[in-house]
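Just below is one structure, and these are the notes that go with it.
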There are 2 protein chains.
Amino acid sequence: MSELPIEPLSRRDRMRVDTVREIKETARKVLVEQGVDGLALRAVARAMGMTAPALYRYFDSREDLVEHVVADLYDELSDHLEQVRDAAEPATPGVQLMSTARAFRAWATTHHAEFGLLFGSAGEGVIPAADLHGPGDHPPQVASRRFGGVFAELISRVYLEQGFPVPDEEELEPALRAQLTEWCAKLPVALPLGVMHVFLSCWIRLYGMVCMEVFGHLRFALEDAAPMFESELQALGRILGIADEYRPPAA
Amino acid sequence: MSELPIEPLSRRDRMRVDTVREIKETARKVLVEQGVDGLALRAVARAMGMTAPALYRYFDSREDLVEHVVADLYDELSDHLEQVRDAAEPATPGVQLMSTARAFRAWATTHHAEFGLLFGSAGEGVIPAADLHGPGDHPPQVASRRFGGVFAELISRVYLEQGFPVPDEEELEPALRAQLTEWCAKLPVALPLGVMHVFLSCWIRLYGMVCMEVFGHLRFALEDAAPMFESELQALGRILGIADEYRPPAA
DNA sequence: GTGCTAGCGTGAACGGCGTTAGCGAACGGT
DNA sequence: ACCGTTCGCTAACGCCGTTCACGCTAGCAC
């Protein structure tokens, strides 16, 4: 689809690329200020001194624009998490994983609307039948796979470098084992199925904690979910054998 | 707010109650067929042979209608879960908890749109600043509290009748302990803080698992999340000391 | 039975939305 | 200088939530 001649970008093409970038940036600004429902084509156009139909020169529809924003957000989040991971001291997988998980929650709590778009049910109507996390080539799909890879790679490294207890293949139900095997085959490195199982379980717990906090489903019990998050993170650390590397957050 | 004279319902009042009920039922039908975004006042009115402004005789706004639908859904879900709980055999808290958790997932997977409205980010715009799970008297608030109580009561009974290991108060971070203490004071029965902590942790895990499945965030690894759910449920059972009561689902 | 009134449903209207169609201006390549 | 592509605009359609003023009708007091 995209041919790569070395420098064929005409002045017009450069302008176009810039405009696309500006539209997506403006859309994101509108998303933050007005929420998901306020993310309207007309609002975006208005915010950048254009009219709504002009945006159709750059995106097929509102949905197409939102998809690209979603992809950009996944990429930006992945960039941020990788940065935090690489800056973690000491640079052991355990510390890196803990820091990255904490950074994920911090991003979620400070980017409410964006998080809802990426991880909530808001994306339901957006990426419709075509599964978001499917194997397709749409921008949000590749971007979300990259995001998932950050945590998957970290847990893999924790396992490879330090190890942690994982269930034997025989302990897993056959149906689950089959699915894990299929998934495992797609990964670059071969790992025991039990590692994938532990990864999924940990990711479910991390996702659940952050999701409940951001969507306000913990307010029935907790006013500030930060201590509970740290407690859950510590529990995950114990499962992965990296509890001793636990560090309270900087703030 | 609601006065209860024995039978003062005039014919007119009965008509009105019926209409309110029909509107909410129609709204729910539209929600299921058209999704959250399709839940429009005009669509509801059209589906029941009315015009949109007429609905304003019964609800203040679209948001008000959606709130009442949310409350009804919470109540219906709570009814269903309590029914499953009371029908569980043998009637031990452990089996009841397992069955109820499984019924929760079954409801979520078969009521996609409704689940998104209750537990996803879709409710973000609906119950705006006034927290859904706050202490107010709005219908969705009382209904969601009732729902949460089903699981809280079950775990409490598991603890009281059989017990399971809970962290000591001293092990909990002071900030977390303070919040749990405050929450615990509002409950009918006094329980150790560690029980509340385990309850939250389990609920986070159950919610995370169901949420990820329903919102499609597990499709990157699993095509059918049922076996993984059962695996997680079994893990929860081990934490609560009821793993031996585990039963595979009927289906 | 008659008249009054409160409640209900309607059509029209306002502003906003996504989207399409058609027009004119600016630009790039030749 | 010319031609075609690209771009942004206005106008329009049908949807939405919401408000308003109007009729109708059912219930009630007398």
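This is a predicted model, so every value here is computed, not measured. Throughout, protein chains are lettered first and strands after them, A, B, ... in sequence-line order, and every chain is numbered starting at 1.
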Subject >> A/V32: which of A/H111, A/H112, A/E114 passes side-chain contact (heavy atoms from CB on, under 4.5 Å) >> reply: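 When side-chain contact (heavy atoms from CB on, under 4.5 Å) is applied between A/V32 and each of A/H111, A/H112, A/E114, only A/E114 qualifies.
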For atom [atom1] of [X] and atom [atom2] of [N], their distance in whole Å:
{"X": "B/R62", "N": "C/dC17", "atom1": "CZ", "atom2": "P", "value": "16 Å"}
{"X": "A/M50", "N": "D/dT10", "atom1": "CE", "atom2": "P", "value": "11 Å"}
{"X": "B/L55", "N": "C/dG9", "atom1": "CG", "atom2": "P", "value": "9 Å"}
{"X": "B/D37", "N": "C/dC17", "atom1": "CG", "atom2": "C1'", "value": "12 Å"}
{"X": "A/M15", "N": "C/dA26", "atom1": "CE", "atom2": "P", "value": "15 Å"}
{"X": "A/L41", "N": "D/dC16", "atom1": "CG", "atom2": "P", "value": "18 Å"}
{"X": "B/Y58", "N": "C/dG9", "atom1": "OH", "atom2": "C1'", "value": "8 Å"}
{"X": "A/I23", "N": "D/dG8", "atom1": "CD1", "atom2": "C1'", "value": "11 Å"}

**OP:** Could you tell me how the ring of B/W203 sits relative to the ring of B/Y207: parallel (under 30°), tilted (30 to 60°) or perpendicular (over 60°)?
**Re:**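 Tilted.
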**OP:** Classify the angle between the aromatic ring planes of A/F220 and B/F199 as parallel (below 30°), tilted (30 to 60°) or perpendicular (above 60°).
**Re:**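 Aromatic pair A/F220/B/F199 classed perpendicular.
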Considering only [options], which nucleotide approaches the side chain of [X] most closely?
{"X": "A/P53", "options": "D/dG17, D/dA11, C/dC17", "answer": "D/dA11"}
{"X": "B/R42", "options": "D/dC16, C/dT19, D/dG8", "answer": "D/dC16"}
{"X": "A/R16", "options": "D/dG17, D/dC7, C/dG9", "answer": "D/dC7"}

Can a side chain N or O of [X] be found less than 4.0 Å away from OP1 or OP2 on [N]?
{"X": "B/R46", "N": "D/dG14", "value": "no"}
{"X": "A/Y56", "N": "D/dG8", "value": "no"}
{"X": "B/R57", "N": "C/dG9", "value": "no"}

Could you check whether [X] gets within reach of a base, just the sugar-phosphate, or nothing at all, counting any heavy atom under 4.0 Å?
{"X": "A/S61", "answer": "sugar-phosphate"}
{"X": "A/F59", "answer": "nothing"}
{"X": "B/A54", "answer": "base"}

Subject >> Residue whose closest nucleotide on DNA chain C lies nearer the 5' end, A/D60 versus B/T51 >> reply: B/T51
Original post:
From B/F119 CZ over to A/M212 CE, what is the distance, rounded to the nearest 0.5 angstrom?
Top reply: 8.5 Å
**OP:** Can you establish whether the number of heavy atoms outside A/E25 located under 6.0 Å from its atom CD is more than 12?
**Re:** yes
